[in-house]
Amino acid sequence: MSSLFLGGLFPRLVLAESQNVNAANSKTIPVSPDFHDVARVAGLIGKNVYGDASHKKYIIETTGNGVAVFDFNNDGWMDIFLVNGWRLEGFSDNQAKPTSHLYRNDGEGTFTDVTIGAGLGRTGWGQGVCVGDWDSNGFDDLFFTFFGASVLYRNRGDGTFEEVTEAAGLSAGKERWSTGCAFLDFDRDGDLDLFIANYLKFDIRTIPEPGENRFCQWKGMPVMCGPLGLPGETNILYRNNGNGTFTDVSVSSGISEPAENYAFSPLVADFNNDQWPDIYVACDSTANLLYVNQKNGTFTEEGSYAGAAFNEEGRAQAGMGVAAADYNNDGLLDVFVTNFSEDYFTLYRNDGESSFTDVTNKVQLAVNTRFLGWGTAFIDFDHDGWKDIFAANGHVYPEVERLGQHYKQAKLLYRNLGNGTFDDVSQQSGPGMRRRHASRGIAFGDLDNDGRVEIVVNNMSEIPSLLFNRGTCENSVLIRLVGSKSNHNGIGARVRVTANKATQIDEVRSGGSYMSQNDFRLHFGVGGAEQIERLEVRWPSGEIDTVLEVAANALITIVEGRGVTNRKPYNKPFPLWQGDPDP
């Protein structure tokens with residue numbers, strides 16, 4: 001967990017319906033974020049099980065699980081998949097064994113657990129999850145990582161999934177500790193490929209006991225060992241053959257190097273604006289990785305050369321979660337990484353020309369060092385057109401309570417001031433932000449289709465959190481992409497939105513956060529503007545769709561080569577979520 005953890009081809013122009021409002025004359029709404037945890041009233045009551053709740057003997061008990069927000073049944077409502085874990089001692093035959101949970105969004109503020117009926121009742125040391133329609137049948141599939149053997153579930157389109165790992169050629173042939181994953185089209189052939197991060201080689205028969213060596217102590221206390229002192233792993237890249245199978249191209253593509261990194265969370269994006277997807281990987285206690293796409297089926301790892309591997313002191317940190325956004329609206333995607341406690345979380349500014357700078361101190365983000373961060377996201381919570389930063393936290397050692405520190409920790413929210421700096425507004429952002437949990441994976445999405453983003457948090461040894469913002473916010477647009485030449489989800493497509501003469505960018509991606517999956521639909525705040533002046537989509541195929549004058553405050557569907565096919569005004573928030581304060 002850390003060194004401190006020891007140690008265009010043919011543009012199409014489309015005029016959409018518009019109210020032709022002069023956005024410059026729009027009145028700004030006061031901003032007041034107010035996040036409440038509505039998980040219990042929404043029916044998200046499945047408890048996470050991940051090792052012993054009060055003592056962690058081995059590192060396998062500490063990493064926790066990811067979460068996915070996606071629409072598995074294509075009904076227009078985002079559903080939730082929460083990965084679950086196991087215990088060292090296992091479970092007897094008469095004990096209920098923990099499974100992951102698939103919650104179907106009922107469209108009225110509640111969710112129904114449909115895990116078993118959907119065929120997703122697998123047990124074991126689950127880790128992370130990513131989503132992508134790899135077989136192009138129009139329904140989103142799940143790849144689900146484990147310590148042991150990871151699995152691919154094909155969405156049949158009837159509310160059920162079938163496990164097709166071996167048939168698809170994804171059986172690893174040996175036990176591996178796989179963590180984060182991401183679907184991507186690295187060769188831009190229209191088929192989704194698969195990247196898998198691997199953490200370390202773990203063998204319970206040979207791993208040292210707590211306190212046994214220098215890698216098994218922290219602040220004078222005996223604690224579980226690792227990751228330093230344990231053998232690292234290599235990452236995997238599978239190419240989609242387009243016939244229902246994958247081929248392992250890890251070696252030929254260059255992804256298998258370097259070896260011996262403790263990799264957690266991959267993040268796919270076009271970081272150098274050459275229209276080809278690159279892969280950034282947050283690594284624990286070793287250098288973060290940046291695989292730059294060479295456009296010929298290979299990648300070159302350039303993290304150190306690019307300035308995105310270490311912090312400004314030249315030190316490897318404890319990369320757990322990772323997110324990308326253009327925080328300063330300069331047309332380049334920047335990177336934010338969460339790290340261990342007694343260290344800062346790192347913001348790498350993209351300077352162009354494959355170069356990054358650690359600007360954490362400069363932008364005033366190095367103000368909290370007592371938190372140990374995991375899942376993270378750039379979210380424009382106030383809709384002012386500037387991406388804010390959210391992070392979920394929780395320690396790895398329950399023993400820190402003896403030192404007056406907290407194993408369960410509050411969450412962080414940094415408001416982007418639009419002037420190159422951020423302000424910590426965590427404590428003023430509602431009780432859902434202040435409540436403490438040992439949180440791990442997070443995913444965001446608009447679960448009630450009201451134009452505001454919700455956040456789902458997977459908490460160790462507890463039920464999850466579902467954070468709903470009851471505060472005020474300005475105007476926004478939610479964009480759903482449907483590929484035709486490109487993959488169905490539009491993964492890898494870049495969207496450019498101009499409103500009030502200000503331009504923002506984002507990309508559709510699989511994976512990210514901490515071993516998790518966000519809503520594929522892209523959310524842009526546009527401040528007081530009631531109209532999007534220009535909306536451009538550059539698809540992985542190279543085709544460009546351009547839309548002019550589209551009214552804000554709606555879900556916009558854009559189909560590749562056809563432009564806007566649907567504009568649906570936002571719903572009102574679910575009344576159920578507006579009730580009593582957090583239970």
Side-chain angles (χ1 to χ4, degrees), residues 1-7 59-60 62-64 66 127-128 130 145 147 176-182 184 195-202 215 225-237 250 253-269 271 278-292 299-324 334-341 343-348 356 358 360 372-376 391 396 440-441 511-516:
M1 268 108 249
S2 110
S3 46
L4 294 172
F5 181 16
L6 306 167
I59 192 172
I60 187 65
T62 66
T63 55
Q127 297 292 292
C130 55
T145 62
F147 165 62
R176 301 188 78 161
W177 187 345
S178 297
T179 47
C181 59
L184 72 160
F195 178 92
I196 306 170
N198 293 292
Y199 189 39
L200 54 79
K201 295 181 176 70
F202 177 82
F215 300 120
C225 306
L228 295 179
L230 302 178
E233 260 283 13
T234 59
N235 299 318
I236 306 173
L237 180 65
S250 307
S253 67
I255 290 296
S256 62
E257 297 293 338
E260 300 296 308
N261 281 71
Y262 306 125
F264 264 138
S265 301
L267 180 77
V268 180
F271 291 110
D278 310 303
I279 307 169
Y280 186 92
V281 187
C283 296
D284 183 3
S285 306
T286 49
N288 298 324
L289 305 173
L290 176 59
Y291 296 104
V292 178
F299 291 81
T300 303
E301 201 290 298
E302 301 180 8
S304 298
Y305 174 79
F310 308 102
N311 67 4
E312 64 178 352
E313 300 168 355
R315 174 171 51 85
Q317 296 175 279
M320 264 80 90
V322 61
D334 313 294
V335 177
F336 182 76
V337 182
T338 56
N339 295 305
F340 205 77
S341 62
D343 197 0
Y344 60 76
F345 302 170
T346 311
L347 178 63
Y348 295 100
F356 290 81
D358 175 357
T360 313
L372 199 162
W374 301 89
T376 186
V396 295
R440 294 300 186 259
S513 179
Y514 174 71
M515 306 193 302
S516 294

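All heavy atoms count here, side chains included; hydrogens, waters and symmetry mates do not.
Side-chain contact between Ile279 and Val292: absent, with no pair of heavy atoms (C-beta onward) separated by less than 4.5 Å. No side-chain heavy atom of Tyr514 sits less than 4.5 Å from a side-chain heavy atom of Thr338. The shortest side-chain heavy-atom distance between Leu290 and Asn288 does not fall under the 4.5 Å cut-off. Between Tyr280 and Val337 there is a side-chain heavy-atom pair separated by less than 4.5 Å. Between Tyr291 and Leu237, the closest side-chain pair of non-hydrogen atoms is not below 4.5 Å. Here the side chains of Ile59 and Phe202 are in contact, with some heavy-atom distance below 4.5 Å. Leu200 is not listed as a side-chain neighbour of Leu228, based on a closest heavy-atom distance of 4.5 Å or more. By the 4.5 Å heavy-atom criterion applied to side chains, Val396 and Leu372 are counted as neighbours.
Thr179 places no side-chain N or O within donor-acceptor distance of the main-chain N or O of Ser265, the cut-off being under 3.5 Å. Asn311 places a side-chain N or O within donor-acceptor distance of the main-chain N or O of Arg315, the cut-off being under 3.5 Å. The backbone N or O of Cys283 lies less than 3.5 Å from no partner atom in the side chain of Thr286, so there is not a single donor-acceptor pair. Within the 3.5 Å criterion, the main-chain N or O of Gly128 finds a donor-acceptor partner in the side chain of Thr145. A side-chain donor-acceptor contact under 3.5 Å links Lys201 to the backbone of Gly232.
No side-chain donor from either of Tyr199 and Asn261 sits under 3.5 Å from a side-chain acceptor of the other. A donor-acceptor pair shorter than 3.5 Å cannot be found between the side chains of Ser513 and Arg440. Gln317 and Thr346 form a side-chain donor-acceptor contact under 3.5 Å, judged by distance and modelled atom types alone. The closest side-chain donor-acceptor pair between Thr360 and Glu312, if any, does not fall under 3.5 angstrom.
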> Are Phe336 and Tyr348 close enough, and set up right, to give a side chain to side chain contact (heavy atoms under 4.5 Å, CB included), and what steps lead you there?
Replying inline: CA-CA 6 Å; Phe336 182 76; Tyr348 295 100; over 6 Å; no

>> What verdict does the side chain to side chain contact (heavy atoms under 4.5 Å, CB included) test give for Gln127 and Thr63, after you've listed the backbone C-alpha separation in whole Å, the side-chain angles of each residue and the deciding distance to 0.1 Å?
In response: CA-CA 8 Å; Gln127 297 292 292; Thr63 55; 3.2 Å; yes

>> Does Tyr262 form a side chain to side chain donor-acceptor pair (under 3.5 Å) with Asn198? I'd like the steps, not just the answer.
In response: CA-CA 7 Å; Tyr262 306 125; Asn198 293 292; over 6 Å; no

> Between Phe147 and Ile60, is a side chain to side chain contact (heavy atoms under 4.5 Å, CB included) present by the stated rule, with each step listed?
Replying inline: CA-CA 8 Å; Phe147 165 62; Ile60 187 65; 3.8 Å; yes

> What do the steps show when you test Asp358 against Tyr344 for side chain to side chain donor-acceptor pair (under 3.5 Å), and what is the final call?
Replying inline: CA-CA 11 Å; Asp358 175 357; Tyr344 60 76; 2.7 Å; yes

> Passes side chain to side chain contact (heavy atoms under 4.5 Å, CB included), Glu257 versus Glu301? Steps please.
Replying inline: CA-CA 8 Å; Glu257 297 293 338; Glu301 201 290 298; over 6 Å; no

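With rounding to the nearest 0.5 Å, the separation of CZ in Phe215 from OG in Ser285 is 10.0 Å. Distance check, rounded to the nearest 0.5 Å: CD of Glu233 to CD1 of Ile196 gives 11.0 Å. Separation of atoms OG (Ser304) and CZ (Phe310) is listed at 4.0 Å; rounding is to 0.5 Å. In this structure, CG on Leu184 lies 9.5 Å from SG on Cys130, to the nearest 0.5 angstrom. Interatomic distance, CZ of Phe195 versus CZ of Phe299, reported as 8.5 Å (0.5 Å rounding).
Of all non-hydrogen atoms in Gly511 and Ala182, the two that sit nearest each other are CA-CB, 4.3 Å. Smallest separation of non-hydrogen atoms from Phe264 and Gly319: CD1-O, 3.5 Å. Listed here is the closest heavy atom pair of Ala282 and Gly321: CB-O, 4.3 Å. Summarising the geometry of Ser516 relative to Gly441, their closest heavy-atom pair is OG-CA, 3.6 Å, with the distance given to 0.1 Å.
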